[in-house]
Amino acid sequence: MNEDKKIAGFSKLSKTEKIHWLAQNFLYNNPIQVAKEFATFWHDNIEEQKLFDGFSENTITNFYLPFGIAPNFKINNKMYAIPMVTEESSVVAAASNAAKFWLDRGGFTSTVLNTIKIGQVHFNYKGSTEKLKSYFPELKEALILGSKDITANMEKRGGGIVDIELLDMTSKLENYFQLRCSFQTCDSMGANFINSVLERFGQLLIELISSNDLFTYQEKEVKVIMCILSNYTPDCVVRSMVSCPVKDLGVVDGMPAEEFAEKFVQAVKIAIIDPYRATTHNKGIMNGIDSVIIATGNDFRAVESCAHTYASRSGSYSSLTDASIENGIFKFWIEIPLALGTVGGLTALHPLAKKSMELLGTPNASELMMITATVGLAQNFGAVKALTTSGIQQGHMKMHLSNIMMSLQATEEELSKAKEYFKDKVISFNAAREFLVSIRNRAYSH
Ligand code: MEV
């Protein structure tokens with residue numbers, strides 16, 4: 001194996017040294033030139049750049065993503081202009097269109113159903129299960145008492161440990177037990193708080209059992225495997241909804257209201273029963289949700305993994321949204337777990353996450369849950385509306401055409417000519433290039 005590119009102490013090199021090493025070993029280019037290219041994306045302000053560098057490790061530059069705004073969101077009678085960070089074209093446009101569509105029909109309503117977070121202490125115990133179960137009430141009290149120094153502040157804010165359960169998992173894995181703990185973490189996402197409490201529980205569990213004469217010598221050998229929060233939070237759920245009389249949907253992209261409503265509900269029902277469609281359907285929802293989560297500095301990986309587990313809770317992967325028509329009323333809603341924080345973490349550190357929070361009126365965690373779920377619902381409405389009427393390609397291809405023309409250095413005038421020309425034609429890179437060449441030739445020959 002060729003290991004000449006192996007390096008020790010990469011993290012200790014300065015940013016420029018790291019880039020030089022990359023230029024020599026992987027980019028095969030002049031280090032000065034490569035450094036210049038990466039430096040184009042550095043922040044002018046050295047202090048700000050230090051802040052960005054500190055978010056992660058081995059940083060050599062910044063990776064830009066568009067920060068867009070979806071205006072006209074009315075949620076629980078309050079207006080929002082919602083920041084969205086995404087690299088995918090049409091996402092912000094679709095969310096904005098859906099927001100405007102529902103603004104004219106009363107807006108969205110949203111409710112937080114609960115806000116419980118979960119953590120686990122996984123451990124091995126080889127003794128009598130009955131004995132452990134009988135000792136558990138005393139153990140639970142001792143665990144809560146023994147972690148007071150960590151929980152006191154959170155309790156002052158109205159949160160803390162909600163419950164601890166002992167789960168006998170030995171039928172699935174030999175000697176395996178679990179403490180499943182639930183927490184209230186107020187406006188923080190709470191990962192650090194939960195993990196600190198869990199690690200204390202792990203220590204106490206070993207100490208308390210090994211020093212208790214109820215247990216035999218062998219039973220005292222409790223082994224803690226790991227202590228960590230669970231990103232699955234099925235009791236930290238928010239529901240957002242829209243509804244209106246079917247007739248008030250109006251003619252949707254040329255389709256009469258009744259036909260649209262029926263097709264739309266069918267499309268959602270298909271996503272409920274078919275995992276292949278559900279995956280794409282939910283991907284569309286997450287287009288909106290992730291964009292808000294990134295813009296506000298929350299953890300989109302945690303939200304993603306949780307959403308998909310929740311979507312599988314029936315045993316089969318299903319849609320996160322549902323829709324109905326009853327007594328002439330069209331209803332469309334989402335129910336999704338969102339463990340978000342508005343204090344601590346990146347929210348308060350990243351200058352643009354801070355700005356996003358300001359734009360949203362400095363929401364608390366529950367409000368942010370409602371805003372984010374609503375964007376997911378709007379995004380799904382936009383996608384399913386397009387899919388069941390004009391098809392998704394029309395909008396996509398318009399954006400695609402703009403991107404192609406931009407890559408060919410087309411002027412504004414050339415772009416608008418291209419938009420007109422391709423209104424009723426299939427767009428491809430070659431077709432766009434040929435069109436551009438033809439109008440330039442024509443202009444040249446005049
Ligand atoms: C594309 O990013 C998302 C959609 O495919 C979602 C959907 O099909 O519902 C348009």
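Just follow the structure's listing: the first ligand is 1, and inside any ligand the first atom is 1. The model shown is predicted, which means the values in this text are computed figures rather than measured ones. Both backbone and side-chain heavy atoms feed into the values below; hydrogens, waters and symmetry mates do not.
Using a 4.0 angstrom heavy-atom cutoff, Met286 does not count as in contact with ligand 1. Remark: distances from the non-hydrogen atoms of Leu387 to ligand 1 include one below 4.0 Å.
A salt bridge is defined here as a Lys NZ or Arg NE, NH1 or NH2 lying under 4.0 Å from an Asp or Glu carboxylate O, and Glu47 with Lys50 meets this definition. Salt-bridge formation is not detected for the pair Lys247/Glu258: no Lys NZ or Arg NE/NH1/NH2 atom is positioned less than 4.0 Å from an Asp or Glu carboxylate oxygen. Taking the charged nitrogens against the carboxylate oxygens, Lys263 and Glu259 have no contact shorter than 4.0 Å, which rules out a salt bridge.
In this structure, Phe55 places its CZ atom where more than 12 heavy-atom neighbours from other residues, nucleotides or ligands lie under 6.0 Å away.
Considering only non-hydrogen protein atoms, atom 5 (O) of ligand 1 sits nearest to Thr280 CG2, 3.5 Å. Nearest protein heavy-atom contact of atom 10 (C) of ligand 1 is Ile392 CD1, 3.7 Å. Of the protein's non-hydrogen atoms, the one nearest atom 1 (C) of ligand 1 is Glu88 OE2, 3.5 Å. Here the heavy atom of the protein found nearest to atom 3 (C) of ligand 1 is Asn287 ND2, 3.6 Å. From the protein, the heavy atom lying nearest to atom 9 (O) of ligand 1 is Arg277 NH2, 2.8 Å.
The aromatic rings of Phe260 and Phe381 sit perpendicular, their planes meeting at an angle over 60°, well past the 30° parallel limit.
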Query raised in the report: What's the verdict on ring-ring contact (aromatic ring centres under 6.0 Å, His included) for His350 and Phe52, showing C-alpha distance, side-chain angles and the deciding distance?
Result: CA-CA 8 Å; His350 195 293; Phe52 292 128; 5.1 Å; yes

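The ligand atoms of ligand 1 that sit less than 4.0 angstrom from a heavy atom of Lys283 are 1 (C), 2 (O).
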